[in-house]
Amino acid sequence: MTAEQKQRPTPAGADPHDLRTHTCGSLTPNEIGQTVILKGWVDTRRDLGGVIFVDLRDRYGLTQIVFSPQDDAPSHKAADRLRSEYVISIAGRVQQRSEETINDKLPTGRLEVRVHSLAILSAAAPPPFVVSAHAQKNQAASEDLRLRYRYLDLRRPETQHRFLLRHRVYQVIHRYFDRHDFIEVETPMLMKSTPEGARDYLVPSRIHPGQFYALPQSPQTYKQILMVAGLDRYVQIVKCFRDEDLRADRQPEFTQVDVEISFATEALVQSLTEGLMCALWQEVLDIPLQAPFTRLTHNEALRRYGSDKPDLRFGLELINLNACFAGSGFRVFDAALEGGGAIVGLVAPGMGDRGRGYMDRLDKTVVRKRIGAAGLIYVRFPSSGEKPLSSVKEHVLARRYVDKAIRQSGARAGDLLLILCGTTPRVYKQMGTLRLHMGNELDLLKNAPSWAFAWVTEFPLLEWDAREKRYSAMHHPFTSPHPGDVQMLSDNPEQARARAYDLVLNGNEIGGGSIRIHDVQVQQQIFTLLGISEHEAQEQFGFLLDALRFGAPPHGGIALGLDRIVMLITGAESLRDVIAFPKTQSAQELMSSTPSIIDPSKLDELHISINLPA
């Protein structure tokens with residue numbers, strides 16, 4: 001409500017319900033004695049001996065309004081019809097609540113409005129679930145039901161609060177990049193389909209029969225061309241689309257903060273991104289962050305935490321035990337080491353007294369079934385100080401090797417040493433998943449820092465795709481190799497490092513970027529390594545290759561997952577909680593029944609026929 005609206009008087013002869021003077025969250029003791037007009041939804045209704053109390057709700061809050069026959073008999077009579085989610089307008093006098101009815105949990109909890117005029121603007125059918133601001137968590141409806149009636153779910157204050165925070169995030173982003181000389185440029189939504197990773201969403205062209213546009217997985221090539229065009233610093237909050245299987249932190253359409261900078265270095269991109277994160281947390285949550293953030297190479301993150309997106313809110317670092325068990329004669333360990341694999345340990349403090357039943361469940365349910373490892377080996381250290389107990393008999397694995405592992409791990413009385421072995425990097429990733437499980441078991445996040453940011457750098461440039469029998473890009477095919485590794489592209493490409501970096505928060509990747517290739521010869525060499533012929537490269541990316549020939553500056557950037565950032569800031573459990581009209585895990589939007597069947601005449605216009613599997 002603007003100051004102008006609050007101060008503007010109701011014109012003579014006008015309907016007193018035409019103008020809202022205040023919102024349901026704006027009344028203060030300064031309004032006591034004044035007549036106000038409020039509009040909103042009936043949140044709750046209570047009839048107490050002839051006096052009817054209603055909590056009126058809008059986006060801004062709740063205000064208690066009171067209907068009494070002594071104040072206005074017609075309004076009191078009409079209030080008897082009110083039910084949950086009716087939309088009403090009331091005029092009434094603000095007064096202080098009696099001492100015993102004060103609700104200090106609400107900003108307006110010391111005030112109420114005695115109604116002298118009521119207009120029912122819209123009746124409401126009984127809602128399929130409780131919408132009230134007073135609803136308890138155990139009253140929450142199933143997610144499918146809430147998405148089917150998303151317009152009701154969006155009325156809930158908890159949901160609206162998330163979108164208020166999302167709005168504030170947008171504003172901070174716009175202001176921050178404007179201060180740093182970025183310009184916002186909109187790139188096309190209908191673009192060329194290119195083989196960059198996930199499946200494209202395709203859009204048929206009516207004017208060009210048999211040809212298709214693609215919805216952008218990313219504005220990657222366009223933003224690079226903007227750097228060739230000399231725009232220097234670009235930013236866009238942009239919708240992107242990927243036709244891939246869904247989970248809690250993935251949607252087919254998502255929003256990213258897309259950034260590109262000419263003459264960039266890794267340090268510049270990272271510093272600007274850290275500044276944005278500090279601005280967001282300070283302005284949205286009133287929480288100061290400490291920068292610079294932790295930096296880990298990809299190799300270091302994998303070997304210390306078993307993940308390229310490590311959760312650094314707690315310790316439990318992994319320990320390489322290869323040297324401890326070399327030549328042990330234990331068949332499982334020897335096979336792992338001979339195959340170039342690893343033996344990896346993890347100390348769980350305070351769990352050394354766990355019994356055989358717990359260890360069997362950990363092995364079968366978590367290690368074998370969930371993680372997919374061959375089996376768990378462990379050493380228990382009773383808190384009583386008794387001799388450590390190994391799950392492998394001494395005649396199979398000699399005690400001296402176990403003692404080496406104990407010393408290497410630093411395990412003490414009361415601790416539990418967990419050991420996995422296998423191929424690398426798989427065994428590290430398996431132990432990384434076990435690390436997260438044990439962190440939850442030990443409740444290590446209870447008193448941990450709330451926010452742990454980290455940069456993961458120096459990813460491998462390429463990875464071998466055994467099924468396709470060719471290399472694929474770890475990030476995307478426009479990522480520059482590390483300057484010292486360019487020669488490796490000719491003779492040892494799998495060892496080449498990328499000038500790539502991911503931003504990680506609490507074990508979630510919230511952004512990824514790189515310094516791009518600006519030399520057309522290097523770009524063509526990468527395409528060749530990826531199995532893209534010169535003809536295919538020209539057909540798919542000819543516009544970019546041509547642009548690189550006309551004086552391309554060194555450039556780089558980052559894409560930040562805005563939905564994921566908002567999910568973490570608000571403490572939501574899923575991306576669906578912070579997207580106004582999200583898709584389910586089967587890629588459906590339940591409220592409008594999307595996707596849907598198209599009229600055959602429209603398909604004829606597009607020269608499309610549908611051939612469904614039998």
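- Residues Lys369 and Lys364 form no side-chain contact, since every pair of their non-hydrogen atoms from C-beta on lies 4.5 Å or further apart.
- The aromatic rings of Phe333 and Phe330 sit perpendicular, their planes meeting at an angle over 60°, well past the 30° parallel limit.
- Geometrically, Arg150 does not engage Phe581 in a cation-pi contact, judged by NZ or CZ lying under 6.0 Å from the ring centre and within 45° of the ring axis.
- Arg516 and Ser514 are linked by a side-chain donor-acceptor pair at a separation below 3.5 angstrom, with hydrogens and angles left out of the test.
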Q | Derivation of the ring-ring contact (aromatic ring centres under 6.0 Å, His included) call for Trp281 and Phe453 | A | CA-CA 12 Å; Trp281 260 251; Phe453 288 85; 5.2 Å; yes
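- Considering only heavy atoms from C-beta on, Leu503 comes within 4.5 Å of Met277 through its side chain.
- At a threshold of 4.5 Å between non-hydrogen side-chain atoms, the residues Val366 and Leu434 count as touching.
- A heavy-atom distance below 4.5 Å is not found between the side chains of Val344 and Ile419.
- Remark: the Arg370 side chain and the His437 side chain contain an N/O donor-acceptor pair separated by less than 3.5 Å.
- Checked by atom type, the side-chain pair Gln217/Arg199 shows no donor-acceptor distance below 3.5 Å.
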Q. What's the verdict on salt bridge (charged side-chain N to carboxylate O under 4.0 Å, His left out) for Arg331 and Asp334, showing C-alpha distance, side-chain angles and the deciding distance?
A. CA-CA 5 Å; Arg331 182 174 54 84; Asp334 288 350; over 6 Å; no
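- Ion pairing of Glu509 with Lys309 is absent here, as no side-chain N (NZ or NE/NH1/NH2) approaches a carboxylate O to less than 4.0 Å.
- At a threshold of 4.0 Å, the pair Arg380-Asp353 does not count as salt-bridged, since none of the basic side-chain nitrogens sits closer than that to a carboxylate oxygen.
- Separation of the His180 and Tyr176 ring centroids falls under the 6.0 Å cut-off.
- Of the N and O atoms on the side chains of Asp502 and His475, at least one donor lies less than 3.5 Å from an acceptor on the other residue.
- Remark: the Glu441 side chain and the Tyr358 side chain contain an N/O donor-acceptor pair separated by less than 3.5 Å.
- Salt bridge annotation for Asp403-Arg399: present, with a cationic side-chain nitrogen under 4.0 angstrom from a carboxylate oxygen.
- For Glu266 and Trp455, the side-chain atoms include no donor-acceptor pair closer than 3.5 Å.
- A donor-acceptor pair shorter than 3.5 Å can be found between the side chains of Tyr471 and Glu494.
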Q | Derivation and outcome, side chain to side chain contact (heavy atoms under 4.5 Å, CB included), residues Leu346 and Met438 | A | CA-CA 9 Å; Leu346 173 73; Met438 299 311 295; 4.2 Å; yes
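- Aromatic rings from Phe325 and Tyr401 are positioned such that their centres are separated by 6.0 Å or more.
- Nearest heavy-atom pair across Ile515 and Ala264 is CD1-O, 3.9 Å.
- Look at Asp465 and Lys469 and you find no salt bridge, because none of the NZ, NE, NH1 or NH2 atoms lies under 4.0 Å from a carboxylate O.
- Cation-pi geometry between Arg435 and Phe314 is satisfied (NZ or CZ under 6.0 Å from the ring centre, within 45° of the ring normal).
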